[in-house]
Amino acid sequence: MNLTDATHAPDLRSWVTSANAPGTDFPVQNLPLGRFRRAKSDEPWRVGVAIGDEVLDLRLAAQQCPWGDGVHELLQPLADGDLAAFMALGRPAWRRLRAALSAALAEGSDQGPFLELCLVPQAQAEMAMPCAIRDYTDFYAGIHHAVTVGKLFRPDQPLLPNYKWVPIGYHGRASSIGLGGTVRRPAGQLRGAGEVPVFGPSQRLDYELEVGVFVGTGNALGTPLTMAQAEDSLFGMTLLNDWSARDIQAWEYQPLGPFLSKSFATSISPWIVSMEALAPFRRPFTRPAGDPAPLPHLDSPFNQAAGAIDITLEVWLKTPAMAQPVRLSRSNMLDAYWTLAQLLTHHASNGCNLQTGDLLGSGTLSGPAPGQGGSLLELSNGGRVPLQLPGGETRSFLQDGDTVTLRAVCQAPGAARIGFGSVSGTITGAVKG
Ligand code: CA
């Protein structure tokens, strides 16, 4: 099975010099899309491509550069800042634009002299949400997270019997998804000392290390997706921080799951890394020996051969007292118990219609080792063993002024390294209770 093409060639270089730097997240093999405008300007939002330290402005590129047959039509919604309209066009269109952008940004391209005038330094760009997110669902595909958190709440039965059969998820809140920045500590109902709860600022504020995947083409109501159709519907991925107030969560989560403990903020990274860009990092999807195989509707030869994705994920923390951020954990998406296509297929399996721009969260992606937890809840053993930080500080949960940054990179032999960029959020004082 060959998922890659000329756009993935590891020796492909760009005339944008910074795209050839060894550590860049955005070499010419990546080409993620995001919505931006020049900072402090009032110009209309447009879609751009991250390339090295620059953004290729597709509004200018559509106006000022000659393009091959049909490419102008593909660029038009992007020039207008309407990424969703492009996402709705489907995979042939996504592939065609990727090929055109790859050729145009490659070393020696005769479009280079035109496109040089369409670059904006990323440092001078202001990013916006990539598209309107109508629905957001957060899953629970990280089995090591599920087991560790389950042990804290249910030592006798950490993993409930449905976990290995059905992708667990809940409907999240779309309106409070943003690109990070300032995250206000939520207030809510907390268990008090006696029978009566108290209302006040969360004292157990946490992050969750996740990835998000955007639905490109949706499905009609009443028409489930096959695994192959689900795979084809996925547009691309971002980092996702599912901020979580553990004390609010502990009081409210039974019997219907998380609600206000999660809905106050979710942060995603601004650049959508396409499923095409991730092709060199697809890996066989396997289950541990003795675990059940997925039911037939959640299984396919392609999913077994290439359903998993090798993405290294990191969490960094900077407290106000620190000069430099410190890495809290590193894990890999290969440890997820469900693939993205399985999550989407399951979501549509009852006939629910998924729509262009819908966002699915993976669930916290922790590794099997104790230091690989994708949340402070795991790293501090439920808050009982505070993390020791450089400089003598400790943390069980986040304090005001703390900045959490998620990062992700993909590396594999014979492939160019690509990255997701990052998403950061800084905790500020609580909402007025
Ligand atoms: Ca979550």
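Counting convention: from 1, in listed order, for ligands and their atoms alike.
- The Ca ion (ligand 1) is the vertex of the angle joining OE2 of E210 and OD2 of D242, which measures 100° to the nearest 10°.
- Separation of the Y337 and Y163 ring centroids falls under the 6.0 Å cut-off.
- Contact check on R38 versus D57 returns a salt bridge, with a Lys/Arg side-chain nitrogen under 4.0 Å from an Asp/Glu carboxylate oxygen.
- The Ca ion (ligand 1) sits nearest to atom OD2 when only the N, O or S atoms of D138 are considered.
- Between D400 and R185 there is a salt bridge, since at least one side-chain N of the basic residue sits less than 4.0 Å from a carboxylate O of the acidic one.
- In summary, the aromatic rings of F235 and W94 are positioned with their centroids under 6.0 Å apart.
- E208 contributes atom OE1 as its closest N/O/S atom to the Ca ion (ligand 1).
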